[in-house]
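Below, chains carry the letters A, B, ... as their sequence lines are ordered, and counting in each starts from 1.
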2 protein chains.
Amino acid sequence: MKDNTEEKILDAARKVFITKGLDGARMQEIADEAGINKALLHYYFRTKQNLFDAVFEEAFFKLIPHVVNLLTLDIPFLERIEKAIDKYFDVINANPFIPLFVLHEINRDPDKLASLLKKQGVNPEKLKLIVEAEVKAGRIIDIRHEHLMLNIISMIVMSFAARPLFQRMFFENQEEQYEEFLKQRKQEITRFVINSIQKK
Amino acid sequence: MKDNTEEKILDAARKVFITKGLDGARMQEIADEAGINKALLHYYFRTKQNLFDAVFEEAFFKLIPHVVNLLTLDIPFLERIEKAIDKYFDVINANPFIPLFVLHEINRDPDKLASLLKKQGVNPEKLKLIVEAEVKAGRIIDIRHEHLMLNIISMIVMSFAARPLFQRMFFENQEEQYEEFLKQRKQEITRFVINSIQKK
DNA sequence: GTCTATATGCAGATAGAC
DNA sequence: GTCTATCTGCATATAGAC
């Protein structure tokens, strides 16, 4: 049952790599998690690095296409922002450990990125034009698309990446309280952004 | 020359641990970086974990006190925000790898946090009262201090944590262009926050 | 395709001379 | 306090039987 096994391995590898990183992960733990033998991992992927690369690439593309295509839907701009935040927040909420994982591994080996970005054909040009048009038309304040983009992504991503810290600092480590906080968060970020860029 | 050596070790350990993390770091590399022998590391700190803990604690406290005390200066609130962003941005700019390092390691071992937070006596109560007072007085929009705090920190921290990604996505990996972007960023974040919370 | 057993290398840690 | 040499264990990877 080749396909099934390969899928089981990838599921297990995802789980272990994303929480522990490349260096922290153990092939033994991945094998256990997959309910198979260690040698079988090498039969399917030959090296730890290969297995990791498969997981990383998948995670990366779960994160990035949204990031750029977020704001290019064909509806009024402020609604678009709202929709984009809504969508991206849900994606990260479903994969809360991916941003930190990707950021950490990119930091470890930044050059790996170049080829991946080319592969995907990520191109922020369209976003740039849209934002500039909105500014020129006087519908939003004068802001570069890079700042706007980074601000939105930052607030969404950090809601999850900084959770262990914030939950302890502000909510006495109460899971339920932080869950409640997260439920407000999407709306709060939207309001924060809209308030900030719309003309008075 | 005991003191000197211990300081050299800590300098080297800081450098290596903060860029590679606990799992990715090698005692040999730290020894090389310090210009001493591997055995000497163990003479001074006995275990890798001990050495790491020293580095981590230091990094953590470089990050955190600011985070909470940021907004409690005794000047008008919006000015305070400005000053706080200014100060915190400079701190992170001087230590750009620390946030990701701390977040990653907290994720690896969240329980380590409890004791550290107690040690420091971090208490966001004062911040809470201040923000609530401003809201009640009608000087800013109705916002919880946790959201405000997280928003500000997010935008500052991610300016550096996501640099390898953003520099490649938006600036064709040109160092100078991203440096230029960073120079605008402090002012941009300030404007973004003030715009968002001040009453229309 | 899956397993058990094993080779290989390396990292953390210690012993002991100076 | 600092070094060289060495031990120990463990993690990745391979060999080979089924």
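For the pair B:Leu51 CG and C:dA13 C1', the interatomic distance rounds to 14 Å; values are reported in whole Å. Straight-line distance from the CZ atom of A:Arg46 to the C1' atom of D:dT14: 12 Å, rounded to whole Å. Atom-to-atom, OH of B:Tyr43 to C1' of C:dA17 comes out at 15 Å; the value is rounded to the nearest Å. Straight-line distance from the NZ atom of A:Lys48 to the P atom of D:dT12: 5 Å, rounded to whole Å. Distance A:Leu41 CG to D:dT14 C1': 14 Å, rounded to the nearest Å. Between B:Leu40 atom CG and C:dA17 atom C1' the separation is 15 Å, expressed in whole Å. Regarding A:Gln28, its CD atom lies at a distance of 13 Å from the C1' atom of D:dA13, rounded to whole Å.
Using a 4.0 Å cut-off between charged nitrogen and carboxylate oxygen, A:Glu188 and A:Arg191 count as a salt-bridge pair. Taking a cutoff of 4.0 Å between a charged side-chain nitrogen and a carboxylate oxygen, A:Lys128 and A:Glu132 qualify as a salt bridge.
Looking at residues 15-26 of chain A, you'll see A:Ala25, A:Arg26 sit with a heavy atom under 4.0 Å from some atom of DNA chain D.
Screening residues 20-47 of chain B for salt bridge (Lys or Arg N to Asp or Glu O under 4.0 Å), with sequence neighbours left out, gives B:Lys15-B:Glu33, B:Lys20-B:Glu29, B:Asp23-B:Arg108. Judged as a salt bridge (Lys or Arg N to Asp or Glu O under 4.0 Å), the pairs with a partner in residues 47-69 of chain A (not counting sequence neighbours) are, in order, A:Arg14-A:Glu58, A:Glu57-A:Lys119.
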For nucleotides 6-9 of chain C, tabulate all protein N/O to nucleotide N/O atom pairs closer than 3.5 Å, reporting atom names and distance.
none

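Among all heavy-atom pairs drawn from A:Ser196 and B:Asn195, the shortest one is O-ND2, 3.1 Å.
Base pairing in DNA chain D gives the following stems of 3 or more Watson-Crick or G-U pairs, range against range and under 3.5 Å: C:1-18 with D:1-18.
With sequence neighbours excluded, the residues forming a salt bridge (charged side-chain N to carboxylate O under 4.0 Å, His left out) with B:Arg163 are B:Glu175, B:Glu179, listed by chain and number.
The ring of A:Phe101 has its center no closer than 6.0 angstrom to the ring center of B:His104. B:Phe160 and B:Phe89 have their aromatic ring centers within a separation under 6.0 angstrom.
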